[in-house]
Amino acid sequence: MRPVWRLCLLALLAAPSPVLAVDPPYQGQMERLSEILGSLYMLTPLCGDRTTDWRGQMAELIDLDEPDDDRRARLAGAFNAGYEAYARFYRSCTPSAEIAITRLLTEGETLARDIHQRYAE
């Protein structure tokens, strides 16, 4: 008679496993862009700029990319992480906040352009 653990192992091996989607090659860049948008969503109102709806930009980015549920959750998580990273340190507009905004805008623009040029249909 076989030990019970062997039967359990055979049952696990015979059971169908869920199919996991493969991330697109730009997933890392999309997560970083999402993080940047979350950071800008937190920082720019502190410095008086309420002209851009960064949360709306994030929603549009997700809609255009049409990610599966797992990727959607990771993109939203990156957005929230970007927001929280700056929310811990900034309560008002400071010179360093303004510098951070400038750097984030530059990096975000570069990422968006690169993703579009390399992967847009």
Side-chain angles (χ1 to χ4, degrees):
M1 188 160 134
R2 294 181 180 168
V4 174
W5 67 270
R6 284 187 184 175
L7 291 175
C8 290
L9 179 60
L10 286 174
L12 284 173
L13 292 174
S17 60
V19 176
L20 300 175
V22 176
D23 284 346
Y26 56 86
Q27 179 63 23
Q29 290 174 300
M30 286 287 286
E31 288 181 31
R32 177 62 185 145
L33 184 56
S34 298
E35 186 178 356
I36 289 169
L37 293 174
S39 299
L40 290 168
Y41 181 65
M42 191 276 154
L43 284 173
T44 56
L46 288 179
C47 291
D49 181 5
R50 300 185 194 288
T51 58
T52 305
D53 177 12
W54 296 108
R55 188 172 180 202
Q57 294 286 324
M58 180 66 200
E60 187 178 330
L61 180 69
I62 288 175
D63 288 344
L64 289 171
D65 191 44
E66 300 176 346
D68 61 27
D69 290 341
D70 175 59
R71 286 188 55 240
R72 179 180 297 271
R74 287 187 281 154
L75 293 172
F79 180 90
N80 292 336
Y83 182 94
E84 292 166 4
Y86 284 92
R88 282 182 243 152
F89 300 107
Y90 293 97
R91 301 281 185 253
S92 62
C93 187
T94 63
S96 65
E98 291 175 336
I99 291 169
I101 290 168
T102 300
R103 288 180 180 168
L104 290 164
L105 287 169
T106 301
E107 183 182 358
E109 181 181 3
T110 301
L111 276 171
R113 185 177 297 118
D114 185 56
I115 293 168
H116 180 75
Q117 286 177 345
R118 293 177 68 195
Y119 304 106
E121 296 178 311

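Note that the coordinates shown come from a computational prediction; the quantities given were computed from them, not determined experimentally.
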Is it true that Asp68 and Arg72 make a salt bridge, defined as a side-chain N closer than 4.0 Å to a carboxylate O? no
Reported CZ-to-CE distance for the pair Arg55 and Met58, which is rounded to 0.5 angstrom: 11.0 Å
Do the non-hydrogen side-chain atoms of Pro25 and Tyr119 ever get within less than 4.5 Å of each other? yes
With a 4.0 Å cut-off on N to O distance, would you call Glu84 and Arg88 a salt bridge? no
Shortest non-hydrogen contact from Trp54 to Phe79? O-CE1, 4.0 Å
Which pair of non-hydrogen atoms, one from Ile62 and one from Pro67, has the smallest distance, and what is that distance? O-CD, 3.1 Å
To the nearest 0.5 angstrom, please state how far the CG atom of Leu33 sits from the CG atom of Leu37. 4.5 Å
Atom pair CG (Leu61) and CE (Met30), whose distance is rounded to the nearest 0.5 Å: 3.5 Å
Taking all atoms of both residues into account, what is the closest heavy-atom pair of Gln27 and Leu75, and its distance? NE2-CD2, 3.9 Å
Asp49 and Thr52: which non-hydrogen atoms are nearest, and at how many Å? OD1-N, 4.2 Å
Once rounded to the nearest 0.5 Å, what's the spacing between atom CZ of Arg113 and atom CZ of Arg118? 14.5 Å
Would you sort out whether Thr102 and Glu98 count as a side-chain contact (heavy atoms from CB on, under 4.5 Å), showing the intermediate values? CA-CA 6 Å; Thr102 300; Glu98 291 175 336; 5.6 Å; no
I'd like to know if the side chain of Ser39 reaches the main chain of Gly82, judged simply by a donor and an acceptor atom lying under 3.5 Å from each other, with no hydrogens or angles considered. yes
Linking I/L/V/M/F/W/Y whenever their side-chain heavy atoms sit closer than 4.5 Å, directly or via other members, would Leu40 and Leu64 fall into one cluster? no
Testing the basics here: between Ser96 and Tyr90, what is the closest heavy-atom pair and its distance to 0.1 Å? OG-OH, 3.0 Å
Exercise: identify the closest heavy-atom pair between Leu104 and Leu43: CD1-CD1, 3.8 Å
So for atom CG, which belongs to Asp69, do other residues, nucleotides or ligands contribute more than 12 heavy atoms lying within a distance under 6.0 Å? no
Polar contact flag, side-chain donor to acceptor under 3.5 angstrom, Asp65-Tyr26: yes
Atom OG1 in Thr110, atom CD1 in Ile115: separation rounded to 0.5 Å? 11.0 Å
Test side-chain contact (heavy atoms from CB on, under 4.5 Å) on Met42 and Leu46 and set out the steps. CA-CA 7 Å; Met42 191 276 154; Leu46 288 179; 3.6 Å; yes
Using the rule that Ile, Leu, Val, Met, Phe, Trp and Tyr join whenever any side-chain heavy atoms are under 4.5 Å apart, tell me whether Ile99 and Phe89 fall into a single cluster. no
Set of residues satisfying side-chain contact (heavy atoms from CB on, under 4.5 Å) with respect to Glu35, sequence neighbours excluded: Arg32, Ala78
Partners passing side-chain contact (heavy atoms from CB on, under 4.5 Å) against Pro45 (at least two apart in sequence or in another chain): Arg50
